[in-house]
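Everything below concerns the one structure shown next.
Please read these numbers as outputs of a predicted model, since none were measured by experiment. To find a chain, count down the sequence lines: A is the first, B the second, and so on, and within it residues start at 1.
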Amino acid sequence: MTFQEFWTVDLWPLIWIVIKILCVVIPLMGAVAYISLYQRKIMAVMQLRKGPNVIGPWGLAQPLADGLKLIVKEWVIPAVADKPVFLIAPMLSFVLMLTAWAVIPFGAGLTVSNINLGVLFIFAISGLDVYGIVLAGWASNSRYAFLGGLRTTAQMISYEVSMGMIMASLLIFTGSLNLSMIVVTQQHIWFIIPFFPLAIMFFICILAETSRHPFDLPEAESELVAGYNVEYSGVLFALFQMGEYGNTILMSAVFATLFLGGWLPIFDIAPLNWIPGPLWLIAKTAVVVFVIYWLQATLPRFRYDQLMRLGWKVFLPLSLAIFIILAFIAHYNLNLVPHIMIG
Amino acid sequence: MSTEIKNFRLNFGPQHPAAHGVLRLIVELDGERIERSEPHIGLLHRGSEKLMEDKAYNQNVPFFERMDYVSAINQPYAYVLAVEKLAGIQVPKRGQYLRMLVSELSRIGSHSLSMGALANDVGAITPLILGLEIRERISEFCERASGARMHGNYIRPGGVSFDMKQELLDDILTYMDDLTNDIQACDDLLSENRIFKQRTVDIGVISAKQALSYGFTGPNLRACGVEWDIRKSQPYDAYEEIDFNIAVSSDGDTYARYAVRLFEIRETIKIVRQLIKNMPAGRHKTDDEKFTNPKRKKMQSSMESLIHHFKLFSEGYHVPAGEVYESVEAPKGEFGVYVIADGTNKPYRVKVKTTSVPHLSALNELTKGHMLSDIPAILGSIDIVFGESDR
């Protein structure tokens with residue numbers, strides 16, 4: 001094998017993939033850092049406060065200061081903790097968050113890996129996410145962390161079922177699990193308009209899945225202090241936090257991709273379609289994230305049993321019913337939603 | 001091989017964000033369901049009652065402010081009334097009105113914080129900020145009246161320490177309009193919120209009979225349907241002249257306790273408006289220089305005043321022997337003081353009837369069979385302060 005062959009067949013694809021990954025991960029890390037500022041500023045505006053405004057202009061250096069503080073802080077590993085698992089759990093939670101970004105399309109053809117099972121991939125990864133939290137809750141050997149871990153397991157599993165049903169309902173119409181294809185299908189009309197009830201349900205499932213308000217039971221600070229991450233400190237805690245913020249952005253991006261037309265502009269007309277696709281996706285994701293934090297500033301938290309009841313007795317039957325109705329519509333080709341059918 | 005399944009035991013507190021201070025609660029859980037909860041109080045015990053036996057009557061007032069620090073003004077009120085009764089001090093009308101005014105303002109501060117804390121305990125963050133904002137404004141008025149934000153030592157035997165300027169009274173009156181809006185915002189955010197209702201309705205129910213047997217007072221008792229308010233049943237100072245309603249609910253649950261407090265804030269706004277409108281002119285404290293410090297001007301020319309001043313701040317005053325129980329309607333319930341005087345300048349014994357201890361002792365009854373998440377909600381709704389229960 002000549003070097004030429006080695007370069008084109010093995011080395012260059014590898015380098016190319018690494019470049020692509022870095023192109024996603026580096027801005028993502030920035031986003032994960034600054035979403036904390038974004039959250040605090042949103043909450044501050046809603047509560048008539050100023051929010052962080054001391055470090056840097058308008059508090060812009062606050063995330064860096066927070067990060068630095070967590071990095072230089074001493075790790076405290078409880079004596080009774082299961083050390084290897086205790087260390088693996090936050091890494092797992094962080095790495096899984098990064099992995100899922102591989103299939104998010106930032107524009108036409110702009111994705112790390114354009115696999116045909118994109119939706120399923122995200123679903124699988126977010127299903128694995130629960131391990132990070134359960135292991136953390138178990139390994140900490142603390143009662144609050146244990147309860148937090150238990151709650152998360154139950155919560156994520158119950159909401160994933162209806163989330164799967166909602167995704168399946170969409171698939172009937174898109175005919176593809178490829179996220180890029182799903183975005184292209186929305187060229188004429190965003191799915192949030194014909195599938196409005198599904199979009200709302202999916203959004204609520206996202207809240208439960210990423211444990212945001214009003215479903216933030218795993219870390220309900222008034223009950224469980226901090227839930228599963230109560231024993232963590234320093235970098236390990238930072239990994240959990242980044243995993244959590246990252247997941248919020250990820251799920252908002254998934255929502256934007258599935259229902260808000262991903263990288264597509266609002267209207268396909270002159271000044272709007274000059275803006276590059278990734279910016280549209282970022283803007284839409286920012287809107288979804290804003291709604292998530294808006295809810296956090298407004299709503300009280302559900303109780304554990306109420307959450308379960310909502311998941312199993314309301315969401316599952318409803319999403320199942322919608323799935324069946326949509327299947328009928330698609331099967332008998334009732335042209336109720338004509339524009340979204342693809343050839 | 002068989003394994004014995006044991007209940008899960010959780011140490012809730014003493015350092016816990018929802019424990020409202022330093023409550024140590026041993027909770028026995030079956031899954032997330034509470035089997036038993038056992039409050040251990042006394043972590044904040046400072047021996048105030050004993051310390052008071054070694055201080056002159058007028059030096060004891062600050063101890064009371066440090067009991068329930070959330071409504072610091074209301075506690076010394078009961079003690080001051082007791083001392084005045086023992087010593088036979090006559091308080092001028094304006095002094096009485098000013099005392100009622102600050103204690104009602106303090107009630108607003110306490111209730112708004114308590115409502116905010118309840119909302120925070122069930123997961124809503126914003127009402128707490130609203131509550132703290134209201135409390136901040138009240139603290140500012142307290143500072144302008146007495147010089148200190150929390151522990152102003154404002155109510156003293158014989159009246160109040162300083163007179164309020166008309167300007168301050170006008171500002172308070174103006175603020176009552178803003179306050180009405182803020183309370184409405186809190187009401188809009190919570191009262192009809194479905195999640196808030198799910199979290200509070202039928203949680204921590206207690207019947208009127210049980211509540212009475214535990215010794216409940218204040219909003220917690222009124223939430224069970226018992227119409228009991230010291231300001232109405234045994235009016236002290238000039239409460240007879242004030243027109244206000246008592247909030248009563250019959251449900252006895254967490255939501256009822258919240259609703260009663262909300263109603264009480266609105267009634268208190270009414271009381272404050274009446275007090276300021278009808279504020280009598282005259283002195284703010286008694287002219288009897290044995291009990292209150294004389295004017296500085298007079299002290300410079302009158303030997304007798306100088307002696308009074310010196311005696312008041314060194315020895316205090318002698319109170320004739322006797323014993324008396326006086327109670328006031330503090331924001332959290334009936335706050336009573338039992339004072340035994342032996343004729344010297346120091347009380348022989350001061351016994352405090354706190355508001356929090358009876359409410360706290362019913363915690364097991366209130367939480368039994370509920371979920372772990374309901375403990376913060378119930379704790380928030382019975383509105384306890386450990387500085388007072390542990391004193």
If I measure from the heavy atoms of chain A, does [X] come under 4.5 Å with its side chain, its backbone, both, or neither?
| X | value |
| --- | --- |
| Leu132(B) | neither |
| Leu128(B) | neither |
| Arg194(B) | neither |
| Ile375(B) | neither |

So, Gln198(B) side chain and Gln306(A) main chain: donor-acceptor pair closer than 3.5 Å or not?
no

Should [X] and [Y] count as side-chain neighbours, where that means a heavy-atom distance under 4.5 Å?
| X | Y | value |
| --- | --- | --- |
| Thr298(A) | Thr126(B) | no |
| Ile203(B) | Arg303(A) | yes |
| Gln47(A) | Glu133(B) | no |
| Leu372(B) | Arg151(A) | yes |

Got a second to check how far Asp374(B)'s CG is from Tyr304(A)'s OH, nearest 0.5 Å?
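Output value for this atom pair is 14.0 Å.
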
Taking atom CZ of Arg199(B) and atom CZ of Arg301(A), what is their separation to the nearest 0.5 Å?
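Atom-to-atom, Arg199(B):CZ and Arg301(A):CZ are 7.0 Å apart.
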
Would the number of heavy atoms belonging to other residues, nucleotides or ligands and lying under 6.0 Å from [atom1] of [X] be above 12?
| X | atom1 | value |
| --- | --- | --- |
| Arg9(B) | CZ | no |
| Tyr38(A) | OH | yes |
| Phe290(A) | CZ | yes |

Do you know which two heavy atoms are closest between Asn11(B) and Tyr144(A), and how far apart they sit?
O-OH, 2.9 Å

